[in-house]
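The block underneath contains the structure these notes are about, expressed in structure tokens.
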Amino acid sequence: MTSNARPADALRHDDAPPTAPTSAGMKKVGGVAGWIDDRTGAAKGIGYLMKKVFPDHWSFMLGEIAMYSMIVCMLTGVFLTFWFDPSMAHTTYQGSYVPMQGVEMSRAYASTLDISFDVKGGLLIRQIHHWSALLFIAALSVHMLRVFFTGAFRKPREINWVIGCVLSLLALLEGFAGYSLPDDLLSGTGLRAAQGFMVSAPVIGSYLSYALFGGTFPGTDIIPRLYSIHILLLPALLIGLFTVHIVLVALQKHTQYPGPGKTNDNVVGFPVMPVYAAKAGGFFFIVFGGIALISSLIQINAVWVHGPYEPNATTAGAQPDWYMLFPDGALRLLPGFLEFETFGFTWAFPVIIGALLVIPAFYGGMIAYPFIEAWITGDKREHHLLDRPRNVPTRTGLGVAAVTLYAVLTFAAANDIMAVQFGMSINDITWTLRVLTFLGPLLAFWATRRLCLSLQRHERDLVLHGRETGRIERSADGEFHEVHEPLDPYTRWTLVQHEGTPPLQLEPAVDENGVENKKGARKNKLRAKLHDFYFGGAVEPVSPAELEAAHHGHDHEQIEAAEHDKVTTR
């Protein structure tokens with residue numbers, strides 16, 4: 001039998017198989033990428049980012065929603081700048097909205113009506129812009145709550161937490177500047193209130209108002225100045241801080257929730273390319289589509305209903321967007337006797353506290369909290385595993401107390417509307433909310449902390465004794481007991497992985513020369529009290545010895561007592 005193979009083929013049996021030639025399109029892409037890399041050296045950084053691993057959890061999408069809604073808001077804002085006229089010069093409206101024809105108004109308000117009724121797609125873009133702004137602030141706020149309650153602000157992410165707080169504050173200012181631009185009756189009323197807040201500032205109030213408004217209210221400069229701030233200054237700051245925030249997230253290890261195989265030294269998840277990029281890209285269009293759907297079906301900021309702003313007119317029940325309600329509520333709850341005169345000067349403390357100090361106080365407390373907690377606990381380590389909120393009862397209680405205070409102040413901004421709608425006395429509502437301002441956060445803190453401790457005790461019992469099955473068995477001596485099913489190792493790991501109460505490390509009572517450190521002694525005393533408050537009543541996680549004793553039927557209560565004594569004597 002003869003073979004058809006050529007003799008020379010045997011000499012090439014170790015050759016690599018032929019590969020398909022690179023297409024012309026890919027050669028062009030590679031050429032462009034190489035050209036850019038030769039001049040910028042970006043390939044190494046881009047390669048690092050493309051291989052960056054991100055954990056997969058639904059709560060991490062909250063930050064993405066904030067980022068995507070900000071992008072949508074800025075894109076639609078660019079569209080609106082083509083037709084909006086930021087001028088307070090008077091004109092007579094001759095547009096297509098018949099009820100307003102022949103009415104004198106500012107050019108800012110007239111251009112807003114033109115965008116809404118005469119520019120194709122203008123009303124939809126206006127509503128997308130407004131809804132995306134509201135979603136941006138809401139998503140950013142919920143994202144920050146997630147970061148707080150899971151302890152993602154701890155070292156090395158304190159800078160990112162501060163950046164997030166500043167972003168949230170800038171978002172509030174950007175929103176206020178944006179909804180003040182149309183110069184309708186509602187936004188004008190808000191500007192009038194803002195001008196009143198400014199003049200209440202001691203010493204500089206009247207000068208500040210005169211400089212910003214370009215004279216006495218309403219002046220002629222406030223809309224052009226707010227427009228410049230709204231489309232140039234604040235967006236530049238937001239984009240810059242968002243960029244720094246994303247860069248820090250990329251440079252640091254991403255936080256992840258505790259679970260089997262997840263440690264402080266690794267990240268379990270998907271790389272940016274191709275998995276995470278595809279999911280993030282699809283999620284952007286989901287967010288964009290959701291905003292467009294809401295904007296198409298639900299009307300918001302119908303400026304033609306309010307009419308143009310007139311200084312001698314106001315609207316009943318006028319209120320700002322939801323994110324500016326809490327300072328308005330604080331202003332309504334503060335009693336009038338706090339306003340008094342000394343040496344011919346009026347001190348309007350209800351306005352000073354409610355309108356000028358509440359927002360800085362909220363954000364000042366948020367910015368300072370990570371550093372205060374680190375000082376109390378003495379924890380200077382890096383943390384890449386997130387806390388379960390129930391395992392840090394005091395922090396969780398403080399967070400819920402702050403949210404409760406925010407909610408009470410927000411409801412207070414609608415005390416007049418609640419009185420009208422429910423037929424109640426506005427004085428009764430105001431006094432009830434005043435009491436809740438003090439009692440509400442305290443009750444919320446106590447209840448939340450007790451709930452977290454109860455959940456910890458339940459999980460501790462679950463780890464030691466297993467899950468109840470509902471089956472009753474009778475032993476040989478006639479006793480009845482319920483059969484418990486041990487937890488699987490994966491579930492048990494999540495319940496026992498957290499750390500117990502850390503020991504308190506205080507400064508020495510004397511310095512290196514043997515002299516008593518009185519300042520250090522006072523600081524140690526304060527820190528010890530705060531440490532006891534923060535970790536008081538803590539439920540320690542189940543130790544391996546306790547788990548071993550429980551599995552072998554030993555008296556684990558004695559081991560628990562020994563472990564507790566060991567912790568308290570450290």
Side-chain angles (χ1 to χ4, degrees), residues 59 62 134 137-153 161 164-165 168-169 171-172 319-335 350 353-370 372-373 376 387-419 421-422 424 426-456 530 533-538:
S59 66
L62 296 170
L134 296 181
I137 299 175
L140 184 60
S141 302
V142 178
H143 172 67
M144 292 185 67
L145 288 176
R146 196 277 302 172
V147 171
F148 177 84
F149 284 115
T150 59
F153 55 80
W161 172 257
C165 293
S168 178
L169 179 58
L172 264 62
Q319 291 168 315
D321 279 339
W322 67 268
Y323 48 85
M324 294 297 288
L325 288 174
F326 72 102
D328 189 13
L331 181 64
R332 299 186 185 205
L333 292 182
L334 287 162
I353 297 172
L356 300 182
L357 297 182
V358 165
I359 294 178
F362 259 90
Y363 282 94
M366 290 165 57
I367 291 173
Y369 182 83
I372 296 174
E373 181 180 293
I376 293 174
D387 288 328
R388 300 172 73 216
R390 66 185 63 184
N391 292 334
V392 194
T394 302
R395 181 204 297 156
T396 304
L398 291 173
V400 174
V403 172
T404 302
L405 176 61
Y406 180 90
V408 171
L409 296 181
T410 299
F411 277 108
N415 59 349
D416 54 341
I417 295 178
M418 288 189 288
Q421 295 297 324
F422 296 106
M424 301 173 63
I426 190 172
N427 293 325
D428 293 342
I429 295 175
T430 301
W431 273 105
T432 301
L433 293 172
R434 283 174 177 171
V435 173
L436 287 176
T437 300
F438 296 97
L439 291 184
L442 294 176
L443 292 175
F445 172 79
W446 174 81
T448 303
R449 193 170 183 274
R450 297 307 305 172
L451 180 61
C452 290
L453 292 173
S454 299
L455 291 172
Q456 282 185 288
L530 292 175
F533 165 76
Y534 194 87
F535 294 104

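Computed from a predicted model, the values in this text were never measured in an experiment. Only this structure's heavy atoms are used, side chains among them; waters, hydrogens and symmetry mates stay out. Quick note: residue numbers are just sequence positions, from 1.
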Judged by atom type as modelled, is there a donor-acceptor pair below 3.5 Å linking the side chain of Arg390 to the main-chain atoms of Gln456?
no
With a 6.0 Å cut-off (strictly less than), is the heavy-atom count around CZ of Phe411, excluding the residue itself, greater than 12?
no
What closest approach, in Å, do Leu453 and Ala538 show between heavy atoms, and which atom pair accounts for it?
CD2-CA, 4.4 Å
d(Ile367 CD1, Ile372 CD1) to nearest 0.5 Å is 11.5 Å
Are side-chain heavy atoms of Phe445 and Thr394 found at a separation under 4.5 Å?
yes
Measure the spacing between CD of Gln319 and CG of Asp416 and express it to the nearest 0.5 Å.
6.0 Å
Would you check if the side chain of Ser168 reaches a backbone N or O of Gly164 as a donor-acceptor pair within less than 3.5 Å?
no
First locate atom CZ of Phe535, then atom CD1 of Ile376, and finally report the distance between them rounded to the nearest 0.5 Å.
9.0 Å
Taking all non-hydrogen atoms of both residues, which atom of Pro441 and which atom of Leu436 are closest, and how far apart?
CD-O, 3.3 Å
Hey, does Thr430 have a side-chain heavy atom less than 4.5 Å from the side chain of Arg332?
no
Working to the nearest 0.5 Å, report the span between CG of Leu334 and CZ of Arg434.
8.0 Å
In Å and rounded to the nearest 0.5 Å, what is the CZ to CG distance from Phe533 to Leu398?
5.5 Å
Distance-minimising heavy-atom pair for Pro335 and Pro350:
O-CG, 3.3 Å
Could you tell me which non-hydrogen atom of Ala330 sits nearest to which non-hydrogen atom of Val358, and how far apart they are?
CB-CG2, 3.7 Å
Can you tell me how far the CG atom of Leu439 sits from the OG1 atom of Thr432, to the nearest 0.5 Å?
11.0 Å
Which heavy atom in Gly151 sits nearest to a heavy atom in Asp387, and how many Å separate them?
CA-OD2, 4.3 Å
Test your reading of the model: is there a side-chain donor-acceptor pair from Arg449 to the backbone of Pro393, 3.5 Å cut-off?
no
Quick one, Trp446 and Arg450 - any side-chain contact, counting heavy atoms below 4.5 Å?
yes
With a 3.5 Å distance limit and no angle check, can you tell me whether Thr396 reaches the backbone of Pro389 through a side-chain donor-acceptor pair?
yes
Mind checking whether Trp161 and Phe148 have parallel, tilted or perpendicular rings, split at 30° and 60°?
tilted
Can you confirm whether Phe422 sits close enough to Ile429 that some side-chain heavy atom of one is under 4.5 Å from a side-chain heavy atom of the other?
no
Quick check: Tyr323 with Phe362 (ring centres under 6.0 Å apart)?
no
Could you go through the side chain to side chain contact (heavy atoms under 4.5 Å, CB included) check for Val408 and Phe326 one step at a time?
CA-CA 8 Å; Val408 171; Phe326 72 102; over 6 Å; no
In terms of heavy-atom contacts, does CH2 of Trp322 have more than 12 from other residues, nucleotides or ligands at under 6.0 Å?
yes
Closest approach of Thr150 to Arg395 (non-hydrogen atoms, all atoms of both residues):
C-NH1, 3.9 Å
